[in-house]
Protein chains: 2
Amino acid sequence: MPTPAALAGIAALIGDPARAAMLAALLDGRALSAGELAEAAGVTPQTASAHLAKLTAAGLLGAAKQGRHRYHRLASPAVARLIEGLLELSVAPRRVVTGPRDAALRRARTCYDHLAGRLGVALADALAVRGAIELTDEGGAVTESGTGFLAGIGITPPARSRVWCRPCLDWSERRPHLAGALGAALCTRCFELGWVRRQAGGRALDITPAGWRGLADVFGVMPERLQG
Amino acid sequence: MPTPAALAGIAALIGDPARAAMLAALLDGRALSAGELAEAAGVTPQTASAHLAKLTAAGLLGAAKQGRHRYHRLASPAVARLIEGLLELSVAPRRVVTGPRDAALRRARTCYDHLAGRLGVALADALAVRGAIELTDEGGAVTESGTGFLAGIGITPPARSRVWCRPCLDWSERRPHLAGALGAALCTRCFELGWVRRQAGGRALDITPAGWRGLADVFGVMPERLQG
DNA sequence: CCGATGCTTCGGCCGGCATCGAGGCGAGGG
DNA sequence: CCCTCGCCTCGATGCCGGCCGAAGCATCGG
């Protein structure tokens, strides 16, 4: 066996509550400062610093110094997928929480670089219903007609770097939403069109009036589908 | 946030070297007894018992009592994927090992329920070269001609339970091999045809004379492609 | 019915790691 | 130029959890 202990090393790194909270906070793809991460993890800055150094050394995080701040982000999509997989397995047992301030998060948020929450699931459903994509719990594909439909809203597949269409299990909805390069492109497009906007205080997204119209006109996603 | 600490709990569980060794030993999809897992982890039976209880309680393992033995296995493909993802990230930094007794493992082994090692990668390559499948690092698909080719060797897609074609990053070859239901079916077929056989001592596979002929005739995989 | 085997539970030891207080360094701002 | 703010390093403390020895239950064989 090549890496029996190395595996444990990475997992143990994620296994600390403070570090896990930091990684979860970074799961939406933004880069956060050391101080923000310290607050997110509920520890003092010096403790957070030690954690961040370890995560960066292990290649889970990438850091960028900027002025007197130091911004940290997930090192790669592979790390994001790993955390998602961990969430998928850790959500299963408990079924109780559902805090009130989670409502906004559950409605719409970003997951690394794509849309999640009820909005993400609804978009994936809408695309599947009209036969543009096919999703299962482990894989997905864009149909021929789907390629045309997506081109109509300004989304075309890139050369050949990342996988184009991939499902990602939504931890709040427990159903797959759209990830991969297509998920990222769709998310970017929604921001460009002014359909969604990042909420002031956190990771949740606001859907603008133009967004409501666009979602209904283009995708047939009705507002009541997105209410709690 | 719904599961900040639960995530850490699962990760911390995997983060112990003994438990990680057990999970890695189960990664080939077999069910092992508590004693075998204790030896694999290098701990005494009573210590292993405690670890196994925790892993089972967390839903990572499934246990089946049989006589005076108790067999443990990974609870789901999702768990296997998680461990694979962890391996993918943990192999990256180190690049030194390559022990001599790993040679057999690197040549051919099972990975949860499909083939891995040079054999697994060579089969995936062969299918890709002849245009039967298309694999990237995150997704994959079977082409139209590929469906016919696979049917010719007795492999047809199941109704609609699991994803059919999926890549899985090989930790020894650092390149994708074939997973998903197709990978499992291909693996099963190789066993049925007597092409491969499990080695006595462990997870590695032996390729039989009939296997060498079949691999060359059906897939065009030449023996020298599988040598270290 | 008795011994052997495999697994589990209990109790106590010990090492490792997270945590925080104090102090040092660099970057801005006045 | 000094003061403030953000971040990192060092040292000491304390707790959590893995580990094994011994003993308690099940199953299988004779």
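Just so we're on the same page: letters track the sequence lines, and every chain starts at 1. Basis for what follows: all heavy atoms, side chains included, without hydrogens, waters or symmetry-related copies.
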How would you list, by chain and number, every residue that makes a salt bridge (charged side-chain N to carboxylate O under 4.0 Å, His left out) with [X], sequence neighbours excluded?
X	answer
A:R175	A:D125
A:R70	none
B:R109	B:D170

**Asked** Between which nucleotides of DNA chain D, read 5' to 3', does contact with chain B run, using atoms under 4.0 Å from its heavy atoms?
**Response** D:dG18 to D:dC28
**Prompt:** With sequence neighbours excluded, what pairs up with A:H72 under the ring-ring contact (aromatic ring centres under 6.0 Å, His included) test?
**Reply:** none
**Message:** Restricting to ring-ring contact (aromatic ring centres under 6.0 Å, His included), what partner residues turn up for A:H177, sequence neighbours left out?
**Reply:** A:H114
**Prompt:** Which of residues 44-52 of chain A have a heavy atom under 4.0 Å from DNA chain C?
**Reply:** A:T44, A:Q46, A:T47, A:H51
**Complete:** Sorted by number, residues from residues 63-75 of chain B placing a heavy atom under 4.0 Å from DNA chain C are B:R68, B:H69, B:R70
**Message:** Return the CG to CG distance between A:L87 and A:L169, rounded to the nearest 0.5 Å.
**Reply:** 10.0 Å
**Prompt:** Taking only residues two or more places apart in sequence, or in another chain, which ones meet A:S33 in a side-chain hydrogen bond (donor to acceptor under 3.5 Å, both in side chains)?
**Reply:** A:E36
**Request:** Go through DNA chain C in 5' to 3' direction and return only the first and the last nucleotide with some atom under 4.0 Å of chain B's heavy atoms.
**Result:** C:dA4 to C:dT9
Give a yes or no on whether the backbone of [Y] and the side-chain of [X] come within a donor-acceptor separation of less than 3.5 Å.
X	Y	answer
B:S49	B:P45	no
A:R19	A:L13	yes
B:T56	B:G62	no
A:R118	A:L226	yes
A:T110	A:L115	no
B:T47	B:V43	no

**Prompt:** Are side-chain N/O atoms of A:R81 and A:S76 paired as donor and acceptor at under 3.5 Å?
**Reply:** no
**Message:** Using C1' atoms of five pairs at each end, report the bend of the helix from C:dC1-D:dG30 to C:dG30-D:dC1 rounded to 10 degrees.
**Reply:** 30°
Tabulate below the donor-acceptor pairs under 3.5 Å that side-chain atoms of residues 183-191 of chain A make, not counting sequence neighbours, or state none.
{"residue": "A:T188", "atom": "OG1", "partner": "A:A184", "partner atom": "O", "Å": "2.9"}
{"residue": "A:R189", "atom": "NE", "partner": "A:I153", "partner atom": "O", "Å": "3.0"}
{"residue": "A:R189", "atom": "NH1", "partner": "A:E192", "partner atom": "OE1", "Å": "2.8"}

